[in-house]
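Have a look at the structure below, then the notes.
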Protein chains: 2
Amino acid sequence: MDVARITIAPSTAFQVHDWLRKRVQQGDLPPGMRISETEVAAAIGISRQPVREAFIRLASDGLAEVRPQRGTYISKISVAAVLSARFIREAVEADLARIVAQTRPAEMLDRMADEIALQTAADQTGNVNDFIESDDRFHRLLALAAGQEAVWADLDRLKAQMNRLRHLSMRAFDRGFIIGQHQQILDALRKGDANASETAMRTHLRQMLTEVPQMAAAQPDYFTD
Amino acid sequence: MDVARITIAPSTAFQVHDWLRKRVQQGDLPPGMRISETEVAAAIGISRQPVREAFIRLASDGLAEVRPQRGTYISKISVAAVLSARFIREAVEADLARIVAQTRPAEMLDRMADEIALQTAADQTGNVNDFIESDDRFHRLLALAAGQEAVWADLDRLKAQMNRLRHLSMRAFDRGFIIGQHQQILDALRKGDANASETAMRTHLRQMLTEVPQMAAAQPDYFTD
DNA sequence: ACGTCTTTACTTGTATGGAAGTATGGCATA
DNA sequence: TATGCCATACTTCCATACAAGTAAAGACGT
């Protein structure tokens with residue numbers, strides 16, 4: 001018997017939080033939107049308490065702001081937070097790239113190549129969600145290849161704000177360019193060239209430095225800072 | 001009138017969370033300890049609801065685990081999480097050091113020197129909390145000097161698990177050694193030697209790689225993974 | 001027309017009771 | 001002695017009622 005599959009039904013509050021979190025990240029609930037404990041509770045058909053606790057978790061994620069006696073609002077995308085997460089990603093993934101370039105685990109590199117193929121397919125069909133998910137897996141595989149899976153989990157939390165921005169920007173920016181950069185990273189890794197791998201990764205992640213101001217200028221209502 | 005000083009009384013739940021968080025980080029509430037909504041509420045003299053919400057926030061911080069219908073427990077220190085945070089710190093602060101070595105903002109470097117003096121004083125009087133707080137400010141000043149204050153805020157969240165470990169290890173390990181490393185970092189920054197600054201920082205933060213296994217072996221009940 | 005006060009309809013925060021689930025000790029039984 | 005059942009005392013979870021605060025619309029006097 002597979003004991004690992006024994007699960008218990010998650011609490012209502014947990015499910016509500018999960019639901020809201022996904023909707024915020026996908027841009028379904030836009031930045032600045034007001035949400036109400038009463039309304040959400042009524043819409044789902046439960047009491048306020050679980051919804052309230054979901055709001056608290058959402059606030060801990062940095063995705064909502066609870067203003068006492070005033071209301072709860074979906075957080076605007078903090079430009080400072082996005083740039084901070086980007087800075088951290090560049091530093092960390094540069095180190096990861098150096099490590100992987102030195103070890104070159106064949107299976108992981110092959111799986112990264114598979115993701116690039118998936119990204120190409122998603123680009124042609126125009127499926128933004130598939131593209132973003134594959135993009136995430138590509139970078140996650142790098143952490144796995146470096147034997148630092150836990151690091152990716154931490155980065156994923158930091159990326160919360162960045163993810164929302166991506167769902168906006170992916171429609172506007174050139175996905176083919178991103179795929180090319182991924183290929184350059186993988187090529188450098190395969191050669192075992194640590195310096196080239198690090199440079200390619202830093203170049204790739206610095207792309208965002210130009211995109212973020214453009215996005216913020218295009219939709220100022222969604223951003224802060 | 002100083003409008004910045006206008007504050008409203010924080011909610012009970014917020015205060016309880018703050019209180020619990022500090023106690024966990026200082027090791028007052030040891031890893032694995034069981035805490036109860038009813039008990040804490042009775043001890044403070046309030047109802048269970050605010051305490052419950054404080055527990056939820058504490059769980060979001062990774063400092064507690066709520067097991068439905070079983071109880072709430074102070075999280076054990078995850079060795080994997082500590083090592084992950086350490087890895088991220090090394091990568092990020094190495095980049096920060098390179099930046100600061102190139103710009104050399106005089107005022108910030110002076111303030112870092114002040115912190116080293118405070119650490120020396122705290123070492124002599126044996127005040128562990130003062131030492132840790134000054135240590136944090138030293139590294140935070142590095143981020144400020146690099147113009148990346150938001151980065152430190154993110155690192156601070158990641159450090160949650162690491163902080164608890166430090167309150168254990170600071171009593172056991174050589175603080176004088178740490179001070180010497182801080183001095184080496186500052187010296188390299190003052191010289192404007194980016195490579196030496198990065199190396200000194202990486203060496204400093206790799207110290208933990210030997211300390212963590214020792215701590216985990218000494219008190220296995222407090223750790224997991 | 002304008003400013004001020006009051007009413008009213010919201011919001012989140014807290015208290016409390018009970019529901020559902022879990023762990024433990026006692027006790028009868030083999 | 002060992003085993004299975006069960007009462008009991010917990011735990012967290014959810015629903016509900018009320019308290020406290022905010023904000024905006026409207027009445028009213030100037």
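Every chain is numbered from 1 and lettered A, B, ... according to where its sequence line falls, protein lines coming before strand lines.
One atom, CD of A:Glu65, and another, C1' of C:dT12, lie 15 Å apart when rounded to the nearest Å. Rounded to whole Å, the distance from CD on A:Glu53 to C1' on D:dT12 is 10 Å. Whole-Å rounding puts the B:Arg67 CZ to C:dT22 C1' distance at 12 Å. One interatomic measurement links the two molecules: CZ of A:Arg48 to C1' of C:dA15, which rounds to 12 Å at whole-angstrom precision. Atom CD of A:Glu37 and atom P of D:dC14 are 14 Å apart (whole Å). If you take CD1 of B:Ile56 and C1' of C:dG13, they are 14 Å apart, rounded to a whole angstrom. Taking atom CZ on A:Arg52 and atom P on D:dA15, their separation rounds to 15 Å, with Å as the unit. Atom CD in A:Glu39 sits roughly 14 Å away from atom C1' in C:dT12 (whole-Å rounding).
Here C:dG13 is the nucleotide among D:dT11, C:dG13, D:dA15 with the atom lying nearest to any side-chain atom of A:Pro68. The side chain of A:Ser47 lies closest to D:dA15, out of C:dT16, C:dT12, D:dA15.
In this structure, B:Gln49 and B:Ser36 both approach DNA chain D, and ranking their closest nucleotides by distance from the 5' end singles out B:Ser36. Take the nearest nucleotide of DNA chain C for B:Ile46 and for A:Thr38: the residue whose nucleotide is more 5' is A:Thr38.
In this model, the phosphate group of D:dG21 is not approached by any side-chain N or O of A:Arg70 to a distance below 4.0 Å at OP1 or OP2. An OP1 or OP2 oxygen of D:dT12 is reached within less than 4.0 angstrom by a side-chain nitrogen or oxygen of B:Thr72.
At a threshold of 4.0 Å, the pair B:Asp18-B:Arg23 does not count as salt-bridged, since none of the basic side-chain nitrogens sits closer than that to a carboxylate oxygen. In summary, A:Asp114 and A:Arg111 do not engage in a salt bridge, as defined by a charged side-chain N under 4.0 Å from a carboxylate O.
Using a 4.0 Å heavy-atom criterion, one finds that B:Ile35 contacts the sugar-phosphate atoms exclusively.
Taking the six-membered ring where the residue is Trp, B:His204 and B:His182 present perpendicular rings, their angle passing 60° and hence far from 30°.
Within residues 10-21 of chain A, no residue approaches DNA chain C, by heavy-atom distance under 4.0 Å.
When only modelled atom types and interatomic distance are considered, A:His139 and A:Glu93 share a side-chain donor-acceptor pair under 3.5 Å. A donor-acceptor contact closer than 3.5 angstrom is absent between the side chains of B:Gln161 and B:Ser78.
One cannot find a donor-acceptor pair under 3.5 Å joining the base of C:dT11 and the side-chain atoms of A:Gln69.
Residues A:Thr12 and A:Ile44 form no side-chain contact, since every pair of their non-hydrogen atoms from C-beta on lies 4.5 Å or further apart.
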Practice task
Carefully, step by step, assess B:Ile88 and B:Leu158 under the rule side chain to side chain contact (heavy atoms under 4.5 Å, CB included).
Solution key: CA-CA 9 Å; B:Ile88 293 174; B:Leu158 284 180; 3.8 Å; yes

